[in-house]
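Take a look at the structure set out below.
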Amino acid sequence: MLSEHLAYLSDFFRLDSFATAIRAVVKPGDVVVDLACGSGILGLLALKAGAARVYCVDQGAILEVARESFRRNGLEGKVTFIRARAQQAVLPEKADVALCDNVGWLGFDYGIVELLQDARARMLKPGAQVVPRALEIHVAPVESPDYIGPRIAWSSMPDEFGWLRDGWTNSKHPVELQPGQLLGTAAKLGRIALTIDNPDFFSWNARLQVERPGKLHGLGCWFDCELGPEAWMTNSPCAPHRINRPQAFL
């Protein structure tokens, strides 16, 4: 768990992107809630941007790392730590800004849509800001021989466990794609606005074209995340600057 958060803290492109968005959104004196805060880095950036108070919410033990980090930097008086699931946490006041980095391999697969929707309903003032504010999902045909091995392993399982094969095949898997593995240009699958309520189920269509010889092993998916004005982050294999997060392989 700690190693995962250390990876986040050492991803300077990610941190710079969030810092730019937070400086543009947080005003002096704002009350900020950092949902599923982890190490609390986004709350720290909010204080640097002029926030008066930050509520750091997380159900994991990593919250103690956040608490100690703020204490060592003399900021404990500006932060309230709430150890709970974000959907069950209760704030003593409404917030002006909600921050959240529950962005997964596909963008929305770590529950960020539900987290921010719940925050708007219970925790935020009317007209409050959220960071991030939109996700764009992209998909491309890919040649990824790395996944032949697991498929062969599943095909050799005893028949009694063959039913698990479909579950594995229809799940997303992390993959570190290179541009040369794309068999065609990526298509934009859909856009999710995080500033409004969304349906419980997303349904999108995309037309993909294979543009070079190769073997189609599956689909690669990734996101572009609009954090704020002129602040984006992405895990696209084609981006010259991308955050340290895998793509999803289907």
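Quick note: numbers below take in every heavy atom, side chains included, and nothing from hydrogens, waters or symmetry partners.
- Between Leu183 and Leu216 the shortest side-chain heavy-atom distance falls below 4.5 Å.
- Pairing each heavy atom of Met123 with each of Leu35, the nearest pair is SD-CD2, 3.8 Å.
- Heavy-atom minimum distance, Glu136 versus Lys188: OE2-NZ, 3.5 Å.
- Using a distance-only test at 3.5 Å, with no hydrogens or angles considered, a donor-acceptor pair links the side chain of Gln117 to the main chain of Asn198.
- Using a 4.0 Å cut-off between a side-chain N of Lys or Arg and a carboxylate O of Asp or Glu, Arg245 and Glu176 do not qualify as a salt bridge.
- A salt bridge between Arg120 and Asp197 is present, with a side-chain N of the basic residue lying under 4.0 Å from a carboxylate O of the acidic one.
- With respect to Arg133 and Glu226, a salt bridge is recorded, a charged nitrogen being found less than 4.0 Å from a carboxylate O.
- Separating the CD atom in Gln247 from the CG atom in Leu219 is a distance of 13.5 Å, to the nearest 0.5 Å.
- Judged as a ring pair (Phe, Tyr, Trp, His ring centres under 6.0 Å), and not counting sequence neighbours, the contacts of Phe13 are His241.
- Linking Ile, Leu, Val, Met, Phe, Trp and Tyr whenever their side-chain heavy atoms come within less than 4.5 Å puts Leu250 and Trp204 in one cluster.
- Taking the six-membered ring for Trp and thresholds of 30 and 60 degrees, Phe70 and Phe81 have ring planes more than 60 degrees apart, a perpendicular arrangement.
- Side-chain contact check for Val33 versus Leu99: every heavy-atom pair is 4.5 Å or farther apart.
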Pair Glu114-Asp200, side chain to side chain contact (heavy atoms under 4.5 Å, CB included): steps then yes or no
CA-CA 9 Å; Glu114 295 80 7; Asp200 294 333; over 6 Å; no

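- As a member of the Ile/Leu/Val/Met/Phe/Trp/Tyr network built from side-chain separations under 4.5 Å, Leu115 groups with nothing else and remains a singleton.
- By the 4.5 Å heavy-atom criterion applied to side chains, Val26 and Val131 are not counted as neighbours.
- Note on Asp109 versus Lys172: salt bridge recorded, some NZ/NE/NH1/NH2 to OD/OE distance being below 4.0 Å.
- A heavy-atom distance below 4.5 Å is not found between the side chains of Val54 and Lys78.
- Residues Asp224 and Ile137 fail the side-chain proximity criterion, which asks for heavy atoms closer than 4.5 Å.
- Listed here is the closest heavy atom pair of Val139 and Leu208: O-CD2, 3.5 Å.
- Under the 4.5 Å side-chain heavy-atom criterion for Ile, Leu, Val, Met, Phe, Trp and Tyr, Trp105 and Trp232 are members of distinct hydrophobic clusters.
- Of the inter-residue distances, the one linking Leu135 atom CG with Phe202 atom CZ reads 9.0 Å to the nearest 0.5 angstrom.
- When all heavy atoms of Leu182 and Pro237 are compared, the pair lying nearest together is CD1-CG, 4.2 Å.
- In this structure, Arg23 contributes its side chain and Ala46 its backbone to no donor-acceptor pair below 3.5 Å.
- Of the possible donor and acceptor atoms, none in the side chain of Ser17 sits under 3.5 Å from a partner among the backbone N and O of Ala231.
- Residues Ser236 and Arg242 have side chains not in contact (no heavy-atom distance under 4.5 Å, counting atoms from C-beta outward).
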Side chain to side chain contact (heavy atoms under 4.5 Å, CB included) for Leu106 and Cys221? Distances and angles first, verdict last.
CA-CA 6 Å; Leu106 278 168; Cys221 303; 3.1 Å; yes

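- Distance alone, capped at 3.5 Å, is enough to place a donor-acceptor pair between the Asn102 side chain and the Tyr110 backbone.
- Checked options Arg122, Lys125, Arg53; the residue passing with Glu93 is Arg53 (criterion: salt bridge (charged side-chain N to carboxylate O under 4.0 Å, His left out)).
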Output a table of donor-acceptor pairs, distance under 3.5 Å, between side-chain atoms of residues 60-69 and any protein atom two or more places apart or on a different chain; print 'none' if there are none.
| residue | atom | partner | partner atom | Å |
| --- | --- | --- | --- | --- |
| Glu64 | OE1 | Arg67 | NE | 3.1 |
| Glu64 | OE2 | Arg67 | NH2 | 3.4 |
| Glu68 | OE1 | Arg71 | NE | 3.1 |
| Glu68 | OE2 | Arg71 | NE | 3.4 |
| Glu68 | OE2 | Arg71 | NH2 | 2.6 |
| Glu68 | OE2 | Arg72 | NE | 2.9 |
| Ser69 | OG | Val65 | O | 2.9 |

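- Annotation for Lys48: atom NZ does not count as buried by contact number, only 12 or fewer foreign heavy atoms lying within 6.0 Å.
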Test log, rule side chain to side chain contact (heavy atoms under 4.5 Å, CB included), inputs Met233 and Leu227:
CA-CA 7 Å; Met233 69 178 185; Leu227 296 172; 4.2 Å; yes

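- The closest side-chain heavy-atom distance from Phe249 to Val142 is below 4.5 Å.
- Judged purely by atom type and a 3.5 angstrom limit, Asp96 uses its side chain to pair as donor or acceptor with the backbone of Val31.
- At distances below 3.5 Å, not a single donor-acceptor pair connects side-chain atoms of Asn235 with backbone N or O atoms of Ile243.
- Closest approach of Ile82 to Ala89, counting heavy atoms only: CG2-CB, 4.1 Å.
- Looking only at atom types and distance, the side chain of Glu211 has a donor-acceptor partner in the side chain of Thr185 under 3.5 Å away.
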How far apart are the C-alpha atoms of Thr80 and Cys56, what are their side-chain angles, what is the distance that settles it, and do they pass the side chain to side chain contact (heavy atoms under 4.5 Å, CB included) test?
CA-CA 6 Å; Thr80 299; Cys56 285; over 6 Å; no

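- Residues Gly107 and Ile112 share a closest heavy-atom pair of O-CG2, 3.8 Å.
- Residue Leu15 holds its CG atom at 9.5 Å from CD1 of Ile22, rounded to the nearest 0.5 Å.
- Here CG of Leu45 is found 9.5 Å from OG1 of Thr20. Values are rounded to the nearest 0.5 Å.
- Ionic pairing of Arg14 and Asp101 is present here: one or more N-O contacts between side-chain nitrogen and carboxylate oxygen are shorter than 4.0 angstrom.
- Using a 4.5 Å heavy-atom threshold, the side chains of Phe18 and Leu42 count as touching.
- Looking only at distances, no side-chain donor or acceptor of Lys215 sits under 3.5 Å from a matching main-chain atom of Ser144.
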